[in-house]
Enquirer: 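My questions all concern the structure below.
Excluded from the calculations below are hydrogen atoms, water molecules and symmetry mates; all remaining heavy atoms, backbone and side chain alike, are included. Protein chains get the first letters and strands the later ones, always in sequence-line order, with residue 1 at the start of each.
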Amino acid sequence: MVSMFVTAFIVGGLICVIGQLLFDVAKLTPAHTLCTLVVAGSILDGLGLYEPLIDFAGAGATVPITSFGNSLTHGAMAEAEKHGFIGVLTGMFEVTSSGISAAILFGFIAAIIFKSKGKV
Amino acid sequence: MKKGLLTFASRPSIAATGVTAGPLEQQSPFAPLFDKVYDDERSGLLTNEKGHAKLVEDACMIALSKVDSKPGDVDFLLLGDLVNQMTPSNFTAANLEIPYLGLFAACATSVSSLIMAALLTEAGMSQCTLAGASSQHNSIERQFRYPVEYGSQKPDTAQWTVTAAGVAAVTPNKAGNPAITKATIGRVVDLGMTEPLNMGAAMAPAAADTLQRHLDGHGTKITDYDVIMTGDLAKTGFELYKTLVEKAGMDTTTNFRDAGVEFYGNDSNFQAGASGAGCSSTVYFTDIYSKMMEGEYKRVLLIATGALLSPLSYQQKETIPCIAHAIELTMK
Amino acid sequence: MEGTIIRKVGLMMMSIILMLAACGTMNEDSIQIYNDTDEDIEEAKQVFENDDRLRKAVVVLHDDELLAGVTVGTFERFRKTKIEKDLKEKLEKAYPEVEVLVSADNKVVIETKKMTKIKDQQQLKKEIKKIKSLSEEQT
Amino acid sequence: MDEKKYATLEKKISPKPQIARNMFTAFVTGGTICLIGQGISLFYTTFFDFTERTSSNPTVATMIFIAMLLTGFGQYKKIAQFGGAGAAVPITGFSNAVVSAAIEHKSEGYVLGVGGNMFKLAGSVILFGVFSAFLVALVKTILVKFGVVSW
């Protein structure tokens, strides 16, 4: 059980180090970096490399943004397996519905509750 | 290049100054000299822009109270800020009902408005003109960079926009007050800098160019001035600016200062230092102004620097054009 | 100063990784089999014992269903799905007429461990069906 | 002073990002956030009917909720200034992008402000995620149809 925590910490940290390298070395803006990582996530899943990583690292692979790309692709491929080409469209948000809906919902609730301050 | 040089024979004076600042600015070494300080970024109002307008209006009223006159006695109001279409300055002009000229030179507006006021006074058309510039951290941050609460890692070259407004009342020559004697209108200089989080590097060449033209045009030397203070180059820009000036064969070790470097002291929370029209105008109208009134400085050269980019020009991969206006104040 | 921190942390990381890999292999008490049918459980024990990729196994054998929750070694988790398939084949060869479900998921291990203590048949059947549906779920 | 000479001068004088330090802080921050994520997913597997695989959905939702609170109280930008990509890459960074844009544009009203600007930063992530997923799934389906690859 403890080993899951350690692997999650290490794999999560490494993915963030890659993001930091994209920030500092490749001089990408945060938005570009996140898009690159999402695309990388979905390509990795296409090659079937991301699922074993989730098995190995648990939250270390599902929390970073690469898991968003992965679950989109995974849903699309799972549905495409059953229904062919149309499945690619129908299955897209099959797996990852909670991420987007939670972000939209909590974003709006935050807009109602909070007021931004400028303190450092 | 002898163009863009101004000499004011009638030596218009800065009769009084009004400076207001936000909560974060209380930790600035210049804070004791501020006339009014708010404990909330929005000075208690609903939106950032409303707070920004109140900041400017209070600064104008304070400057007027020091020359004990009312908005009705003022001939011209010259204001500028960085928000889209300068709405805070426009709303202030609406409340004060003074004939209004909106000026935009980004963070160089503090000096460009002084130059325009001096010109109007020199032409004998104005007994009292209010000239000033302002900026507010929240409204600039959300317009130029990211939402305030967004967690992006600011590099060491980033600058923190100051929440402050500085306004000066310019009148025909008055003994005992700093007089505006010479000025140089800056040229737009663009040496291909593209990183909006390193504006100091983009503005440094403009400051060096204006300094060089001012000294050559008016036939003065670095040593004639007690201090040569640039607007908001901050640490990186100030280093580059000094290097450029030294390459032109001048010594920058004695009397070179920068408002951006000094505004927040040496607090690493603010990365390279301060920026914004509020930064240069407040330091000029408090620190420099009081030191001249006390006689510590006899002759100063103020070079305010401004980056003339927009969020749109950045996204369209344009480089950052910059400008720097210079003005010379003398105590007789 | 930077360099020393990085070296210290690097060292710490290496030791943790070594510790993970070196965990113990299978032994007697790490296999729990609950069997209320007349099937011979010796072969199942054999299958789990000589597979050194596993660290723990909990098996419930109840009329024609066999439910096995296994925990694999840290670095074997990369091939978790393959391990599940292997064990399923072996067990199906050993018990042809029994319906086999093998899962390396934590949840299944926890639930099967609880199930070994349930006595009444009805409850047990319901639990097994619940676990089956859980492990097929995608979202 | 022409552009090239000035560019080299600027490169020499502008402070470089401390790559080693930033990598270390990103590693620690990202790791801690994923550690917390692992704790939450363990919580869901033990007390609720989620397997290890399906517990990622409620975990992501809870992390987004926590990031909303941190952003609302103005703490997230401090974590991000320290952690850099360590705070931006996890799903909390995505939630921070959505929540901060929503809070920021509240002054323009809920429909035009919050509605119009909420996905100003995070929208590109969704766009490129869906587009890349579509391409990858399409390519894979074609390959499978040609029998080059099996599912």
Side-chain angles (χ1 to χ4, degrees), chain B residues 41-42 45-51 138-139 141-143 145-158 189-195 197-206 208-209 212 234-248 268-272 311 319, chain D residues 1-18 21-22 25-26 29 67-68 70-90 92-109 113 117-118 120-122:
Chain B
E41 276 290 323
R42 294 194 178 82
L45 298 171
L46 197 58
T47 67
N48 288 318
E49 284 69 20
K50 274 199 172 65
N138 283 4
S139 43
E141 186 75 13
R142 63 190 288 225
Q143 179 183 308
R145 291 179 275 274
Y146 296 113
V148 174
E149 294 308 328
Y150 179 61
S152 72
Q153 187 176 38
K154 287 194 163 70
D156 292 342
T157 57
V189 172
D190 178 355
L191 286 190
M193 288 290 125
T194 54
E195 175 54 51
L197 288 173
N198 185 7
M199 289 223 266
M203 294 191 284
D209 175 65
Q212 191 65 51
K235 293 193 184 96
T236 320
F238 197 40
E239 283 309 314
L240 275 162
Y241 163 68
K242 284 195 280 188
T243 319
L244 291 173
V245 172
E246 269 149 21
K247 271 198 177 11
S268 69
N269 266 336
F270 299 93
Q271 283 83 37
T319 55
Chain D
M1 173 63 84
D2 65 350
E3 288 187 16
K4 266 185 295 310
K5 263 210 301 218
Y6 184 68
T8 48
L9 181 68
E10 188 266 334
K11 286 238 173 352
K12 193 153 56 73
I13 287 182
S14 286
K16 308 291 169 287
Q18 302 140 327
R21 189 188 71 84
N22 285 353
T25 50
T29 320
M68 174 197 97
L70 284 174
T71 308
F73 291 116
Q75 301 308 320
Y76 202 86
K77 57 178 185 281
K78 295 192 184 107
I79 301 170
Q81 181 59 30
F82 168 74
V89 164
T92 52
F94 175 78
S95 155
N96 171 256
V98 173
V99 168
S100 61
I103 292 175
E104 193 58 51
H105 293 284
K106 175 178 168 180
S107 62
E108 286 102 287
N117 289 290
M118 195 169 190
K120 194 167 64 166
L121 298 166

Enquirer: May I ask you to name which of B/Leu240, B/Thr47, B/Thr236 has the most heavy-atom pairs under 4.5 Å with chain D?
Expert: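 If we count pairs closer than 4.5 Å to chain D, B/Leu240 comes out on top.
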Enquirer: Where does B/Thr319 contact chain D at under 4.5 Å (heavy atoms): side chain, backbone, both or neither?
Expert: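 Contact with chain D is absent: no heavy atom of B/Thr319 under 4.5 Å.
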Enquirer: Taking atom CG of B/Asp156 and atom CD of D/Gln18, what is their separation to the nearest 0.5 Å?
Expert: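 Going from the CG atom of B/Asp156 to the CD atom of D/Gln18 covers 5.5 Å.
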Enquirer: Roughly how far, to the nearest 0.5 Å, is the CZ atom of B/Arg142 from the CD atom of D/Glu108?
Expert: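 Here the interatomic distance stands at 4.5 Å.
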Enquirer: Is D/Ile79 close to chain B through its backbone or its side chain, or both, or neither, when contacts mean heavy atoms under 4.5 Å?
Expert: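 No part of D/Ile79 comes within 4.5 Å of chain B.
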Enquirer: Please answer whether the main-chain N or O of B/Val148 pairs with a side-chain N or O of D/Glu104 as donor and acceptor at a distance below 3.5 Å.
Expert: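 Yes, the answer is positive, given that a donor and an acceptor are paired below the 3.5 Å cut-off.
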Enquirer: Between NZ of B/Lys235 and CD1 of D/Ile13, what distance do you get to the nearest 0.5 Å?
Expert: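 These two atoms lie 15.5 Å from each other.
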Enquirer: Hey, what do you get for NZ (D/Lys12) to CD (B/Glu239), rounding to the nearest 0.5 Å?
Expert: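 Reported value, rounded in 0.5 Å steps: 10.5 Å.
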Enquirer: Where is the tightest heavy-atom contact between B/Ala201 and D/Ser14, given as atom of each residue plus distance?
Expert: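 Looks like CB-OG, 4.4 Å.
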Enquirer: Please determine whether side-chain contact (heavy atoms from CB on, under 4.5 Å) holds for the pair D/Glu10 and B/Asn198, giving the CA-CA distance in whole Å, both sets of side-chain angles, and the decisive distance to 0.1 Å.
Expert: CA-CA 10 Å; D/Glu10 188 266 334; B/Asn198 185 7; 2.8 Å; yes
Enquirer: Is the side chain of B/Tyr146 donor-acceptor paired with the backbone N or O of D/Ala97 at a distance under 3.5 Å, no angle test?
Expert: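 Such a contact is absent between B/Tyr146 side chain and D/Ala97 backbone.
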Enquirer: Where does B/Lys247 contact chain D at under 4.5 Å (heavy atoms): side chain, backbone, both or neither?
Expert: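 Only the side chain of B/Lys247 comes within 4.5 Å of chain D.
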Enquirer: Does the side chain of B/Pro147 come within less than 4.5 Å of D/Asn117's, by heavy atoms?
Expert: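 Contact flag for D/Asn117/B/Pro147 side chains = no.
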Enquirer: Give, as side chain, backbone, both or neither, the part of B/Glu141 having an atom under 4.5 angstrom from any heavy atom of chain D.
Expert: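 Looking at B/Glu141, nothing touches chain D.
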Enquirer: Chain B: which of D/Lys5, D/Lys106, D/His105, D/Lys16 shares the most heavy-atom pairs with it under 4.5 Å?
Expert: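 Top option by heavy-atom pairs under 4.5 Å: D/His105.
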Enquirer: Under 4.5 Å heavy-atom distance to chain D, tell me which part of B/Asn48 shows up: side chain, backbone, both or neither.
Expert: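 Only the side chain of B/Asn48 comes within 4.5 Å of chain D.
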Enquirer: Sub-3.5 Å donor-acceptor pair from the side chain of D/Gln81 to the main-chain atoms of B/Gln153, do we have one?
Expert: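 Absent.
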Enquirer: Hey, what do you get for OG (D/Ser107) to NZ (B/Lys50), rounding to the nearest 0.5 Å?
Expert: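 Here the rounded value is 9.0 Å.
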Enquirer: Quick one: CG on B/Leu191 to NZ on D/Lys4, what's the gap to the nearest 0.5 Å?
Expert: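 The CG atom of B/Leu191 sits 11.0 Å away from the NZ atom of D/Lys4.
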